[in-house]
4 protein chains.
Amino acid sequence: MAAKRTGEKYEAIINAAVRVIAQFGYHQAQVSKIAREAKVADGTIYLYFENKDDVLISLFNEKMGAFITDMEQSLSKVPSPDQQLRELIRLHFEYLVEDQQLAIVTQIELRQSNPDVRREIGRILKKYFNVIDQVLLSGVEEGLFGKDLNVRTARNMIFGTIDETVTSWIMNDCKFSLMDQVEPIHRLFLKGLQN
Amino acid sequence: MAAKRTGEKYEAIINAAVRVIAQFGYHQAQVSKIAREAKVADGTIYLYFENKDDVLISLFNEKMGAFITDMEQSLSKVPSPDQQLRELIRLHFEYLVEDQQLAIVTQIELRQSNPDVRREIGRILKKYFNVIDQVLLSGVEEGLFGKDLNVRTARNMIFGTIDETVTSWIMNDCKFSLMDQVEPIHRLFLKGLQN
Amino acid sequence: MAAKRTGEKYEAIINAAVRVIAQFGYHQAQVSKIAREAKVADGTIYLYFENKDDVLISLFNEKMGAFITDMEQSLSKVPSPDQQLRELIRLHFEYLVEDQQLAIVTQIELRQSNPDVRREIGRILKKYFNVIDQVLLSGVEEGLFGKDLNVRTARNMIFGTIDETVTSWIMNDCKFSLMDQVEPIHRLFLKGLQN
Amino acid sequence: MAAKRTGEKYEAIINAAVRVIAQFGYHQAQVSKIAREAKVADGTIYLYFENKDDVLISLFNEKMGAFITDMEQSLSKVPSPDQQLRELIRLHFEYLVEDQQLAIVTQIELRQSNPDVRREIGRILKKYFNVIDQVLLSGVEEGLFGKDLNVRTARNMIFGTIDETVTSWIMNDCKFSLMDQVEPIHRLFLKGLQN
DNA sequence: GATGAATGAGAATTCATTCAT
DNA sequence: GATGAATGAATTCTCATTCAT
């Protein structure tokens, strides 16, 4: 029987995985520990997921999918690429500030996972890159950024900066205010990219 | 008996580790495989290193130490913070273009290592952050950047962008020219940071 | 609630088990696969059988019971022990040629089953041994075989030869004609046993 | 590192496997139980064998190889095919009477093993079939058996009878004398096959 | 100093069986 | 009677590290 990939327990298991990984770290997140946290039997996990990797990939996929959907919706409400860029930074940070466990899992722990999981994560991340690229492209269209803007270079700067900032925030035990970084980073980007 | 941490075999083991990890990946880089590549017995590794983690940490430390020394020397030859920033990007990229195995190991593979190794890597990276910070501070001093520049924010942007660019380059099988990215990235940084 | 051991679904499950074991092999014949093949729910199997072993034992029992009944009836129609011996070989082979799935299941697959099942199979086989013994005993009575014939020895030869011939036939993908073996084997037996 | 497949511990593990399987049965012969019986660590087994299946296949191969070598040597000392046939039965029985644990393992327990192991066992058994065939062929050459003897049919009878006799002996807890069966079975074969 | 054979702890996964609906 | 989602026990194999030679 194939994995169900939906339902109440499907979500319970994913959320249990986030909690367990955040608390114990990737290498101490055994299937049985996740099962116990989700209040299901070990075997039940295999009714909803192919294997342990599938749990982790699904976790990232579900959370990142929701994030991207939210992001797209939020960005659509914002008229100018300028403000879209700010909103992108803001919402990215907000998401992780609101769910610090998720932040730890996606920023730190899942990066230690095995090659298969990391490959899938990379694939999922591309969707986010597309969102960033869209913002950049409309910025070019509207004349905010120069026509000669190399989108990949700019996207690497944007994602790299945001990602490194979050990592730095977590590594510093979330002691500095991530939200306070939105404006300065936005200003850096704008000045750097502007025509 | 404490680990020797020096000598011909010490280096042979570290370089073997780089080759093995680059070829087989972090998860397939067993001690015995590294030993075979270094043409020593498994047990010999424990005469020069405390344990496997110590090999990985030492690897990163040696390579990063040499990199930072080179970087400091190069930067010292460059007068203006403006050009130091360019040199920093250029040398960082050059190092990894020249030794793609090392690039794979430090950019991709070692990031999957266990918490202890990653903690040490973080500690070593701080030395590099200091170098970046120095460039930024002298830029502020010389009036190139504003007095209100948040050094950490700026450093996160610089390191994050460089790091993400390299990762993106490796993930694309080194197909695009990393060196061609130096100028556009330098321009982005300057424009973003300039007073 | 005790197992029903009778009814339409009882037979459906047994026949599904034969098909599944023949197709996938003993080790890949899970209860859920048999249930699906029989078009019943997993749990339904436990309304008709005590447990999985009981399915396998019942399978062997039903099929072997029918075989022995047929055999006894056929032998009763044959006057001489000489010809009974031929008929025994012929019918044994015919049964398995007619139902090769059953042949695979009883000759190959069920022999890998666990101790409990094999013990029961041995018990059921004894009924067949009795049939063989009857033929031998009437042969002795009628003076066809010597009075000093060791019945167990002779029966081991007869059953062992027939069984090994069938196994060899299946292992050779039923490529040679099993029915063509009836006469030569019958001749071997007769010459070997004859007074 | 590939499995060593030789040495003191190699043999210790094989012999431990025979003892454990004979005592506890195939399904209760865990790797750790075999390791304990062999007085080595679990992991040591994997220095000498690829995996658990390899232990079982090697067991059969080693024991059967020695058996076949002994058999060939013994048969070579016997001039006539007539007496070779007796010696074949005698030595086959003697081997298993001398080592009843081995008898249980090869006759009963290993037949429950998984498809891979059974396939290999079949391959190894063919060597024994060749030995039997040789005896039959020299019998034909010397005019003891008819020129029209179907060697496969005869071999199936010989192996089938011997095998079934041993199985029957074990199933009866070795209560009857297997060696006493040599002469009657030899007589049956000779009479059955003789010209 | 150098070797490499031996160690043994630790975890994902399967599948017969149950029982609430 | 029938269902099928949920259960949870049970086992192979890897690999960092040691230590007798």
Side-chain angles (χ1 to χ4, degrees), chain A residues 1 4 7-10 27-36 38-55 114, chain B residues 1 4 7-9 27-36 38-56 114, chain C residues 1 4 7-9 27-36 38-56 114, chain D residues 1 3-4 7-10 27-36 38-55:
Chain A
M1 192 67 74
K4 266 188 68 184
E8 209 172 278
K9 300 206 172 170
Y10 174 81
H27 290 282
Q28 281 305 309
Q30 295 89 346
V31 169
S32 59
K33 210 179 263 175
I34 295 172
R36 207 179 315 131
K39 290 181 181 153
V40 299
D42 293 17
T44 302
I45 289 190
Y46 294 86
L47 296 177
Y48 293 89
F49 301 88
E50 296 278 354
N51 48 42
K52 186 182 178 182
D53 280 0
D54 190 24
V55 176
N114 70 45
Chain B
M1 188 70 72
K4 265 192 67 183
E8 210 172 279
K9 296 198 175 174
H27 289 281
Q28 282 304 310
Q30 295 87 350
V31 169
S32 60
K33 208 180 264 174
I34 294 171
R36 210 179 315 136
K39 291 179 180 157
V40 300
D42 293 16
T44 303
I45 289 189
Y46 293 86
L47 299 174
Y48 292 88
F49 300 89
E50 294 279 354
N51 49 40
K52 187 183 178 181
D53 281 358
D54 190 25
V55 176
L56 304 178
N114 69 45
Chain C
M1 186 73 70
K4 265 192 66 183
E8 211 172 277
K9 297 198 175 174
H27 290 280
Q28 283 304 309
Q30 294 88 350
V31 169
S32 60
K33 208 180 264 175
I34 294 170
R36 207 180 316 135
K39 291 179 180 155
V40 299
D42 294 17
T44 303
I45 289 189
Y46 293 85
L47 298 174
Y48 292 89
F49 300 89
E50 295 278 355
N51 49 40
K52 187 183 180 182
D53 281 359
D54 190 22
V55 176
L56 304 177
N114 69 45
Chain D
M1 190 69 73
K4 266 190 67 182
E8 209 172 279
K9 299 205 172 170
Y10 174 80
H27 291 282
Q28 281 305 308
Q30 295 88 347
V31 169
S32 59
K33 209 179 264 175
I34 294 171
R36 206 178 317 132
K39 290 179 180 156
V40 298
D42 293 17
T44 302
I45 289 189
Y46 294 86
L47 296 177
Y48 292 89
F49 301 89
E50 295 278 354
N51 48 42
K52 187 182 177 182
D53 279 0
D54 190 25
V55 176

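Every chain is numbered from 1, with letters handed out A, B, ... down the list of sequences.
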Visitor: Rounded off to whole Å, could you give me the CG-to-P distance for the A:N51 and E:dA11 pair?
Guide: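 It works out to 17 Å between those atoms.
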Visitor: How many Å lie between CD on D:E50 and P on F:dT12, as a whole number?
Guide: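 Taking CD of D:E50 and P of F:dT12, I get 17 Å after rounding.
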Visitor: Go nucleotide by nucleotide along DNA chain E from the 5' end; which of A:Q30 and C:D42 gets its closest nucleotide reached first?
Guide: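 Taking each residue's closest nucleotide, the earlier one in sequence belongs to A:Q30.
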Visitor: Kindly compute the distance separating NZ (A:K52) from CD1 (A:I45), expressed to the nearest 0.5 Å.
Guide: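 Answer rounded to 0.5 Å: 9.5 Å.
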Visitor: Can you tell me if the side-chain N/O atoms of D:K9 get under 4.0 Å from OP1 or OP2 in E:dA6?
Guide: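 Indeed, a polar side-chain atom of D:K9 lies that close.
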Visitor: Take C:D53 and B:A41, find for each the nucleotide of DNA chain E with the closest heavy atom, and name the residue whose nucleotide sits nearer the 5' end.
Guide: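 So the residue in question is B:A41.
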Visitor: In whole angstrom, what separates C:F49's CZ from E:dT17's P?
Guide: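 After rounding, the gap between these two atoms is 13 Å.
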Visitor: Taking the minimum atom-to-atom distance to the side chain of B:T44, which one of F:dT3, E:dA11, E:dA2 wins?
Guide: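 Closest nucleotide to the B:T44 side chain: E:dA2.
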Visitor: Mind checking the OH-CG spacing from C:Y46 to C:D54? Nearest 0.5 Å is all I need.
Guide: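 Rounded to the nearest 0.5 Å, the OH-CG separation comes to 10.0 Å.
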Visitor: Measure CZ/A:R36 against C1'/E:dA11 and give the value in whole Å, please.
Guide: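 Spelled out: CZ on A:R36 to C1' on E:dA11 is 13 Å.
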Visitor: Give the rounded distance in Å between these two atoms: NZ of B:K39 and P of E:dA2.
Guide: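 Spelled out: NZ on B:K39 to P on E:dA2 is 16 Å.
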Visitor: To the nearest 0.5 Å, how far apart are CZ in D:F49 and NZ in D:K9?
Guide: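 So the gap between those two atoms works out to 12.5 Å.
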Visitor: Could you let me know what E:dA2 is paired to, Watson-Crick or G-U wobble, both distances under 3.5 Å, or none if it's on its own?
Guide: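 WC or wobble partner is F:dT21.
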Visitor: Which residue, C:K4 or A:K4, contacts DNA chain F at a nucleotide closer to its 5' end, judged by nearest heavy atom?
Guide: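 Counting from the 5' end, the first nearest nucleotide belongs to C:K4.
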Visitor: Look at the side-chain N and O atoms of A:Y46 and state whether any lies under 4.0 Å from the OP1 or OP2 oxygen of E:dC15.
Guide: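 So the side-chain polar atoms of A:Y46 never come under 4.0 Å of the phosphate oxygens OP1 or OP2 of E:dC15.
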Visitor: To the nearest angstrom, how far is C:I45 atom CD1 from E:dC15 atom C1'?
Guide: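 After rounding, the reported distance stands at 13 Å.
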Visitor: Give the rounded distance in Å between these two atoms: CG of C:L47 and P of E:dT18.
Guide: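 Spelled out: CG on C:L47 to P on E:dT18 is 11 Å.
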Visitor: Side chain of C:K52 only, please: which of E:dT13, F:dG4, E:dA16 is the nearest?
Guide: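 Given the options E:dT13, F:dG4, E:dA16, the side chain of C:K52 is closest to E:dA16.
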Visitor: Expressed in angstrom and rounded to an integer, what is the separation of A:D54 atom CG from E:dT13 atom C1'?
Guide: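 That distance rounds to 14 Å.
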Visitor: Looking at F:dA5, I'd like to know if its phosphate oxygens (OP1 or OP2) sit under 4.0 Å from a side-chain N or O belonging to A:Y48.
Guide: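 For F:dA5, neither OP1 nor OP2 has a side-chain N or O of A:Y48 closer than 4.0 Å.
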Visitor: Between atom CD of C:Q30 and atom CG of C:D42, what is the distance when rounded to the nearest 0.5 Å?
Guide: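 One finds 10.5 Å between CD of C:Q30 and CG of C:D42.
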Visitor: Just verifying a value: how many Å separate D:K4 NZ and D:T44 OG1, rounded to the nearest 0.5 Å?
Guide: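 The OG1 atom of D:T44 is 11.0 Å from NZ of D:K4, to the nearest 0.5 Å.
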Visitor: Both B:V31 and D:V31 contact DNA chain F. Taking the nearest nucleotide for each, which residue is further toward the 5' end?
Guide: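 By nearest-heavy-atom nucleotide position, the 5'-most residue is D:V31.
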Visitor: To the side chain of D:Q28, which of E:dA5, E:dA2, F:dT11 is closest?
Guide: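 Looking only at heavy atoms from C-beta outward on D:Q28, the closest nucleotide is F:dT11.
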